[in-house]
Amino acid sequence: LGSRMATAKERIAQLVEANVDLIHLESGPLGMAPGYNASEEIVRNLEKEFGVPIFTTGQSHVAALKALGIKKLVAGTYLMSDVTRKCADYIREAGFDVLCFETIHDRGVEFSDVGGVNPQYVYSFMKELFLKHKDQGADGIYMLGSAWWPSLSIIHNLEQDCHVPVVQAVACRVWDVQKRLNVCDI
C-alpha cells in the first residue's frame, strides 16, 4: 500500500495543480483492499492534505447500491479470487449482505481473456448467481469490473429478467461523478 499511496499522492498533486474540481481515485488496492472503514479514513486524510474532494471506486459502488435500496446482493467479477474476497469484505463492511461474490476466473476464464468474453456469457453467469440466491432475498446484482469487461450491454436485460436493480461498476462511477458535479438531474 505504501508505494501505491506515494504514487497516488504524486498524481493527486498534479491534478490539484491543474485546478480540478473533483478527483476519482480509481484503485482497488487503495479504494477497496484496505476495507471500507480504512478506505474512508484514507480519503478523509487525502482530502485534508490536498483540499479537494476525492472519492474512490468503492465509494461510488456503495453510493449506487444505497441509492437503489439494495441490501442483499449477489456479485460477480472477473478478478482473481483473492481480490474478489477483499472486495466482498469491503462491501460487507459497508453494511450490505453479500450472498455470494464469484468470479469467472474460477470458471476457467483467464484474466487476459476477459475482454474477449461474449457479453451473453457474462449475462448467463450473473443471472445464474442471482437465481441461486433469489430465495435468500437477493434484491440486487453487483458487477465489479472495468470497461473492458463486456457487461454494460447486459444491464437492461438483466434488470428486466431478474426484476432487481443492477449496479455495474463503470455505469455507477459515471453516475457518481455526474451527481458530485451536479452535471444533471439524477
Side-chain angles (χ1 to χ4, degrees), residues 1-71 73 75-80 82-96 98 101 103 105 111-112 114-115 122 140-155 165-186:
L1 193 62
S3 65
R4 291 177 194 254
M5 180 59 76
T7 301
K9 284 184 174 187
E10 288 174 22
R11 302 296 187 270
I12 291 169
Q14 291 170 348
L15 292 168
V16 169
E17 190 173 302
N19 202 30
V20 299
D21 296 319
L22 179 68
I23 296 174
H24 176 226
L25 185 60
E26 173 132 7
S27 170
L30 291 178
M32 291 180 105
Y36 179 76
N37 292 322
S39 293
E40 292 290 304
E41 183 66 24
I42 288 169
V43 169
R44 278 192 297 276
N45 291 337
L46 289 171
E47 287 179 327
K48 190 177 196 179
E49 181 176 346
F50 290 100
V52 65
I54 298 172
F55 69 104
T56 66
T57 297
Q59 288 175 314
S60 289
H61 298 184
V62 166
L65 291 165
K66 287 180 179 179
L68 292 169
I70 297 171
K71 298 196 181 337
L73 60 96
T77 188
Y78 58 82
L79 300 170
M80 307 300 184
D82 59 331
V83 176
T84 300
R85 279 188 295 279
K86 289 178 182 177
C87 293
D89 291 343
Y90 177 93
I91 297 298
R92 280 187 191 98
E93 192 177 332
F96 298 93
V98 180
F101 206 134
T103 174
H105 183 263
F111 187 80
S112 59
V114 169
V122 178
I141 297 171
Y142 172 47
M143 294 189 292
L144 175 63
S146 66
W148 62 282
W149 189 36
S151 57
L152 277 168
S153 64
I154 68 168
I155 296 170
V166 173
V167 171
Q168 193 274 351
V170 175
C172 82
R173 286 193 296 267
V174 171
W175 164 80
D176 199 21
V177 168
Q178 290 177 331
K179 181 177 65 101
R180 289 172 185 265
L181 293 176
N182 297 307
V183 172
C184 60
D185 288 332
I186 299 180

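Each residue takes its place number in the sequence, starting with 1.
For Thr77, there are no side chain to side chain donor-acceptor pair (under 3.5 Å) partners two or more places apart in sequence or in a different chain. In this structure Leu15 satisfies the side-chain contact (heavy atoms from CB on, under 4.5 Å) test together with Val20, Ile23, sequence neighbours excluded. Under the ring pair (Phe, Tyr, Trp, His ring centres under 6.0 Å) criterion, Phe111 pairs with Tyr78, Trp148, not counting sequence neighbours. Applying the ring pair (Phe, Tyr, Trp, His ring centres under 6.0 Å) test to Tyr142 and every residue at least two apart in sequence or in another chain returns His61, Phe101. For Asp82, the side-chain contact (heavy atoms from CB on, under 4.5 Å) criterion is met by Met80, Arg85, not counting sequence neighbours. With sequence neighbours excluded, no residue forms a salt bridge (charged side-chain N to carboxylate O under 4.0 Å, His left out) with Arg11. Here Thr103 pairs with nothing under the side chain to side chain donor-acceptor pair (under 3.5 Å) rule; sequence neighbours left out. Evaluation of the ring pair (Phe, Tyr, Trp, His ring centres under 6.0 Å) rule for His24 yields Phe55 as partners, not counting sequence neighbours.
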side-chain contact (heavy atoms from CB on, under 4.5 Å) between Gln14 and Glu17, intermediate numbers included: CA-CA 5 Å; Gln14 291 170 348; Glu17 190 173 302; 5.6 Å; no

side-chain contact (heavy atoms from CB on, under 4.5 Å) between Val52 and Leu22, intermediate numbers included: CA-CA 6 Å; Val52 65; Leu22 179 68; 5.9 Å; no

side-chain contact (heavy atoms from CB on, under 4.5 Å) assessment of Val170 paired with Arg173: CA-CA 5 Å; Val170 175; Arg173 286 193 296 267; 3.4 Å; yes

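Distance check, rounded to the nearest 0.5 Å: CD1 of Ile12 to OG1 of Thr7 gives 10.5 Å. Glu40 contributes atom CD, which lies 11.5 Å from atom CG of Asn45 (distance to the nearest 0.5 angstrom). Rounded to the nearest 0.5 angstrom, Thr57 OG1 and Leu25 CG are separated by 7.5 Å. Taking SG of Cys172 as the reference point, atom CG of Leu68 lies at 9.5 Å (rounded to 0.5 Å). One distance of note links NZ of Lys71 with NZ of Lys66; it measures 9.5 Å at 0.5 Å rounding. A distance of 13.5 Å separates NZ of Lys86 from CD of Glu93, quoted to the nearest 0.5 Å.
Heavy atoms only, all atoms of each residue included: Ala169 and Gly145 are closest at CB-O, 3.1 Å. Shortest non-hydrogen contact noted between Tyr90 and Gly58 is OH-C, 3.2 Å. Nearest heavy-atom pair across Pro150 and Val114 is CD-O, 3.4 Å. Of all non-hydrogen atoms in Ser60 and Trp175, the two that sit nearest each other are O-CZ3, 4.3 Å. Counting all heavy atoms, side chain and backbone alike, Tyr36 lies closest to Ala94 at CD1-CB, 3.5 Å.
Checking each of Leu152, Val167, Ile155 against Met143 for a side chain to side chain contact (heavy atoms under 4.5 Å, CB included) leaves exactly one that passes, namely Ile155.
Counting heavy atoms from C-beta outward, Ile154 and Gln168 have side chains that stay 4.5 Å or more apart. Side chains of Leu181 and Asp21 form a contact here, defined as non-hydrogen atoms less than 4.5 Å apart.
A salt bridge links Arg92 and Asp89; the closest N-O separation between the charged side-chain nitrogens and carboxylate oxygens is under 4.0 Å.
Listed by first and then second residue, the salt bridge (charged side-chain N to carboxylate O under 4.0 Å, His left out) pairs that reach into residues 47-59 are Lys9-Glu49, sequence neighbours excluded.
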